[in-house]
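Numbers for residues simply follow the sequence, beginning at 1. Everything numeric here is computed off the predicted structure, so don't read it as measured data.
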Amino acid sequence: MNPEQIRNIGIAAHIDAGKTTVAERILVETGIERHMGRVEDGTTVLDFLAPERDRGITIVSACTHVPWGGCGINLIDTPGHVDFTLEVQRCMHVLDGGVLVLDAGAGVQAQTETVWRQMKRQGVATLALINKCDLPEVDPLGAVASLEERLDAHTLLIQYPQTGPKGLTGLVDLVERRYRTWSGGKGTLVPLPESLSDEVEVLRSELADKISNLDDEFLEHCLRVEESPSGQADPQAMHAAIRRVTRAGLALPVMFGSGLSGMGIDWLLDGICAYLPSPADRLAWGSRAGGALRLPAPDADAPLSCMLFKFQDQGKEELAFLRIYGGTIRPGDELWNPRTQEHERVLTLARVHAEHGEELASAGPGQIVGVTGIKASATGDTLCDPAHPLQLEAEPPPAPVIQRILEPQQDADRPALAQSLARLVHQDSSLYAHEGPSPGQWTLGGVGELHLEILAGRLAQLSGVEPRVGKPRVTYLETIEGVSTGTGKIERTLAGEVKFGMVSLAIRPQPRAWSETRTLSSGLEVTLQPEISMPNPGQDGKSSSTGAVAPNLQPQIEFGPTCSIPDPMRSGIEAALLGEAQSGPLCGFPLAGIMVTVVGGGTRPGQDSQAAFAQAAIVALRDALGGDETQVSVLEPTMSFEVEVREEFASAVMADLTGRGAQIEGFRPEGTLRVIWGMVTLYSMLGYATGVRSISQGNATYSLRPRGQRALTPGDLESRGLSFG
C-alpha cells in the first residue's frame with residue numbers, strides 16, 4: 001500500500017471514557033466485525049486478555065487494521081489506566097496520529113492530561129472525540145471547554161451537536177453544512193433546518209476565523225472570497241487548512257458521537273483519513289521538544305529500518321510488533337540490532353487483528369506488523385538492514401516505584417515460575433525483577449499496585465503455578481549530600497602469589513539538572529523530577545548489575561585526569577562500584593544521584609590484580625560513605641493524585657486525604673462531582689482503593705502518577721518501619 005494511503009493512529013483516553021467501545025464500533029463500521037463487542041459483557045475483540053475481560057479495562061495495547069475511504073488504518077487501542085501508561089507511551093512513539101476520547105459528561109480527566117502530554121511530546125497529530133453524547137443530561141460543549149481550559153488546546157469545532165433530554169439528537173457538519181439526525185440507532189442526512197441556519201453560519205464563520213489565525217494560506221483564501229458573490233470559504237479549502245494545522249500540531253479538531261450507539265463514528269473515520277497524517281506527511285509535520293523529528297524516508301526500496309515497540313504472547317511464541325519506517329520486510333529476512341550487536345531472523349510476518357493475524361508475504365514503509373523469531377531484542381530497539389546500521393531514538397521506561405515479593409509455593413515450581421517471569425519482563429520493560437538473596441524469591445518492581453497485581457495474575461496463568469505474593473511496598477533509594485573521600489588497599493597472597501590493588505576516590509552528589517527541590521507551605525520538601533527510566537533485567541528475569549535505579553539517577557563512575565590506575569583494571573573497578581552501590585549505608589537501599597570519581601591509586605607491576613583492585617574499590621567506597629562529613633538520606637516516591645467523588649462524600653474524602661499527609665492543591669466542581677487534586681507520598685496511598693471505596697460508598701474514582709522523590713526524616717523512617725543498616 002502507498003504510504004500516503006496509510007494512517008497509523010492510536011485511541012487514548014482516561015479510564016471509562018469509552019475508548020475501547022469506540023474502537024469496537026470502528027470494527028463494525030468498517031465491516032471487519034459483524035457484531036459489536038461490549039466491555040461490560042467481556043465480549044470485546046480488542047480486550048482479549050482474561051484479566052481485561054474480567055475487569056473491564058484495557059491492560060495491553062491491541063492492534064488492528066481497518067479499511068476506510070481508500071485508506072488503510074492501522075489502529076491501536078491503548079490502555080486508559082495510569083498504571084499502564086508505558087503502553088501508551090510506547091505506542092505514541094511509533095504512531096503518526098491519535099484520537100483523544102473524552103466522556104461528554106466528565107470532560108478532561110487526570111489521564112486525559114497524561115496522554116495529551118504524551119501525544120504532544122511525540123508530535124502526534126490529534127483529533128478529539130467527545131464520546132457518550134447519547135446519554136441524557138451530558139454537556140458535550142462543556143467537555144470542549146475543558147479541553148481549552150485544562151489542556152490549553154486550540155480547539156476547532158468542526159461539528160455542532162444538537163442535544164435533547166435523552167442526549168444527542170442531531171449533528172451539524174459545519175464545514176459542509178450537512179445535518180444528520182438519529183432515530184432508532186440509524187443516522188439520516190436531512191436538510192439543515194431554518195431554525196439552525198443563522199447559528200450554523202455564525203459558528204462556521206468563527207471556525208474560519210480560528211483557522212485563518214493559524215494558517216496563512218487559508219487566510220489568503222478568505223480574503224479572496226470576501227470579494228466573491230458567496231463571500232464564504234470553500235469547504236475543500238477549509239478541509240485542506242484543517243488538515244495542515246492539525247498535522248502541524250497547531251490545532252485540535254473536535255468531533256462528537258457515541259461508540260455504543262455508533263452516532264458520528266463514520267464521520268470520525270472520515271476525519272481520521274482527511275486530517276491525520278500519513279507516514280509520508282509525518283516527515284514534514286512531525287516535531288518534538290528540542291528539535292525536529294528525524295525519521296527515514298518511507299521508501300520501499302530504501303534499506304530496511306523499523307522499531308520494535310511491543311511484544312504479545314502467541315502460544316509458545318512471542319509476537320513482536322514492528323513499525324516499518326523505510327524499506328520492505330519479508331519472512332526469512334535477517335535483521336540487525338545495533339544495540340545488542342546481534343542478528344535476528346524473521347520467521348513469520350502478519351497483519352495483526354487483536355490476538356489473531358493475517359499472514360503477509362511482505363510489508364513496506366508505514367506499516368505496523370507482527371513478526372515471530374525475534375529473540376534477543378527488547379522494546380524500543382531498532383531493527384535494520386545489516387548493511388546499513390541505523391539507530392532510532394527510543395523511549396526509556398519509567399522507574400519502578402512499588403514492589404512485591406514473589407516466591408513459588410514449592411521448590412519444584414521454581415523453574416516454571418522463573419521462565420514465565422523472564423518472559424513477562426521481556427515483554428514489559430516497566431517491570432523489574434530481581435532474584436535474591438534467597439534463591440526462588442523475587443522482588444518485583446512496577447509502576448503501581450494494579451500493575452503488579454495484574455502481572456502476578458498473568459504470571460500464574462502463563463506458568464501454570466500459583467505463586468505466593470507479598471503485600472505491596474514502596475521502592476526506596478538512598479542519596480548523599482556533601483563531598484567525601486575514601487581509600488582502599490588490598491594486598492594478599494594467593495597460591496604463593498601477591499595480589500595488589502589500591503584505589504582512592506571521591507563521592508559527591510550529581511549535578512541535579514534532573515530535579516527541582518521545592519518546599520511546600522507545610523515545610524515538606526519535595527524533589528520534582530522528569531519521567532525517569534531503568535534498564536531492562538536480563539533474559540533470565542534477574543536484574544543487571546545496575547539494579548533498580550534509573551539511568552539518570554544511577555551512580556556515575558568516572559576516572560580523574562591524574563588517575564594512574566592501568567586501563568585493564570578500570571572495568572573491574574567500575575563494575576565493583578556499581579555493584580556495591582546497590583546497598584546504601586543507611587538502610588541498604590540502592591544509592592542514587594551520586595558521582596564517584598576515582599582520583600588515583602597505587603600499582604605494583606607484576607602484582608596488580610583486577611580482583612584486588614575491584615575489592616579495593618569496594619573498601620574505598622565504604623570508607624567514603626562512612627565519613628563524618630557524608631550525610632545520607634533515604635528518598636521515597638511522591639505522587640500526584642486526582643480524586644473524582646460525588647458531592648456528598650467530598651468532605652469525607654478530603655479529610656481522609658489530609659489524614660494521609662496529602663497536600664491538597666486544588667478543588668473544583670464538575671456537575672454533581674467534585675474533583676480534588678494534589679501531592680502525596682506513595683507510602684500513604686497503599687491500599688487507598690479500598691479506603692476511598694468505603695468512604696464514598698463506591699462513588700469515587702482516583703488516579704496516581706509519579707511526581708518525584710522526597711527525603712525522609714528520622715521520624716518518617718521509624719513510622720515506615722525502616723531500620724538503619
#### Entry: Evaluation steps, side chain to side chain contact (heavy atoms under 4.5 Å, CB included), between Leu712 and Leu635
CA-CA 6 Å; Leu712 295 180; Leu635 302 175; over 6 Å; no
### Task
Find the distance between CG (Leu95) and CE (Met119) and round it off to the nearest 0.5 Å.
8.5 Å
### Thr78 side chain vs Val88 backbone, donor-acceptor pair below 3.5 Å
no
### Task
Working to the nearest 0.5 Å, report the span between CD1 of Ile480 and CG of Leu586.
12.5 Å
### Query
Does Lys375 come within less than 4.0 Å of Glu344, counting only side-chain N to carboxylate O?
no
### Task
Can you establish whether the number of heavy atoms outside Gln341 located under 6.0 Å from its atom CD is more than 12?
yes
### Query
Judged by atom type as modelled, is there a donor-acceptor pair below 3.5 Å linking the side chain of Asn131 to the main-chain atoms of Gly259?
yes
### Task
Could you tell me whether a side-chain N or O of Thr479 sits under 3.5 Å from a main-chain N or O of Ala592, the two making a donor and an acceptor?
yes
### Task
Please name the pair of heavy atoms, one in Glu644 and one in Val675, separated by the smallest distance, quoted to 0.1 Å.
CG-CG2, 3.9 Å
### Message
Could you tell me if Arg720 sits above the aromatic ring of Tyr683, with its cationic atom closer than 6.0 Å to the ring centre and no more than 45 degrees from the axis?
### Response
yes
### Task
May I ask you to decide if the ring planes of His426 and Phe311 are parallel, tilted or perpendicular, using 30° and 60° as cut-offs?
tilted
### Query
Taking C-beta and beyond as the side chain, do Tyr702 and Arg693 meet within less than 4.5 Å on heavy atoms?
no
### Task
Kindly determine whether Arg473 and Leu682 satisfy side chain to side chain contact (heavy atoms under 4.5 Å, CB included), including the steps that lead there.
CA-CA 9 Å; Arg473 66 186 191 187; Leu682 177 59; over 6 Å; no
### Query
Hey, what do you get for CD1 (Ile374) to CZ (Arg345), rounding to the nearest 0.5 Å?
10.5 Å
#### Entry: Minimum heavy-atom distance between Thr638 and Arg710, given as atom pair plus value
CG2-CG, 3.7 Å
### Query
With no hydrogens and no angle check, do the side chains of Glu318 and Gln427 hold a donor and an acceptor under 3.5 Å apart?
yes
### Query
Are Glu358 and His353 side-chain neighbours, meaning at least one heavy-atom pair lies under 4.5 Å?
no
### Query
Taking all atoms of both residues into account, what is the closest heavy-atom pair of Arg404 and Glu453, and its distance?
NH1-CA, 3.8 Å
### Query
Got a donor-acceptor contact below 3.5 angstrom from the Glu466 side chain to the Ala460 backbone?
no
### Task
Might you confirm whether atom CD of Glu718 has over 12 heavy atoms from other residues, nucleotides or ligands at distances under 6.0 Å?
no
### Query
Does Leu477 reach the side chain of Leu591, with side-chain heavy atoms less than 4.5 Å apart?
no
#### Entry: Sub-4.5 Å side-chain heavy-atom contact between Asp313 and Arg458
yes
### Query
With a 4.5 Å heavy-atom cut-off, do Ile26 and Val22 have their side chains touching?
yes
### Donor-acceptor pair, side chain of Glu478 and main chain of Phe589, under 3.5 angstrom
yes
### Query
In Å, rounded to the nearest 0.5 Å, how long is the span from CD1 of Ile15 to CD of Gln109?
10.0 Å
### Summary
Of all heavy-atom pairs linking Arg121 and Gln89, the shortest is NH2-OE1, 4.0 Å
### Query
From Ile9 CD1 over to Ile368 CD1, what is the distance, rounded to the nearest 0.5 angstrom?
10.0 Å
### Message
Can you confirm whether Asp103 sits close enough to Lys19 that some side-chain heavy atom of one is under 4.5 Å from a side-chain heavy atom of the other?
### Response
no
### Message
Just verifying a value: how many Å separate Ile454 CD1 and Leu431 CG, rounded to the nearest 0.5 Å?
### Response
13.0 Å
#### Entry: Gln312 (side chain) donor-acceptor with Ala62 (main chain) under 3.5 angstrom
no
### Message
Is it the case that over 12 heavy atoms from other parts of the model lie below 6.0 angstrom from the CD atom of Gln419?
### Response
no
### Query
Is any side-chain heavy atom of Leu308 less than 4.5 Å from a side-chain heavy atom of Asn337?
no
### Message
Using a 3.5 Å distance criterion without hydrogens, assess whether the side chain of Glu113 forms a donor-acceptor pair with backbone atoms of Leu151.
### Response
no
### Message
Show the nearest heavy-atom pair for residues Gln663 and Phe641, with the distance to one decimal.
### Response
O-CE2, 4.1 Å
### Query
Where the side chain of Thr43 meets the backbone of Arg38, is there a donor-acceptor pair that is under 3.5 Å apart?
yes
### Message
For a side chain to side chain contact (heavy atoms under 4.5 Å, CB included) check, start with the C-alpha distance between Asp77 and Thr64, then their side-chain angles and the critical distance, and finish with the verdict.
### Response
CA-CA 8 Å; Asp77 177 30; Thr64 188; over 6 Å; no
### Task
Report yes or no: does Gln461 contribute a side-chain atom to a donor-acceptor pair with the main-chain N or O of Gly457 at less than 3.5 Å?
no
### Task
Might you point out which heavy atoms bring Thr475 and Gln403 nearest each other, and give the distance in Å?
OG1-CG, 3.1 Å
### Task
Verify side chain to side chain contact (heavy atoms under 4.5 Å, CB included) between Phe649 and Val692, making sure each step is shown before the conclusion.
CA-CA 10 Å; Phe649 302 108; Val692 74; over 6 Å; no
### Query
Is there a donor in the side chain of Asp716 and an acceptor in the side chain of Ser719, or the other way round, less than 3.5 Å apart?
no
### Query
Can you tell if the side chain of Leu717 reaches within under 4.5 Å of the side chain of Cys587, non-hydrogen atoms only?
yes
### Query
Taking the side chain from Arg323 and the backbone from Val94, do they hold a donor-acceptor pair closer than 3.5 Å?
yes
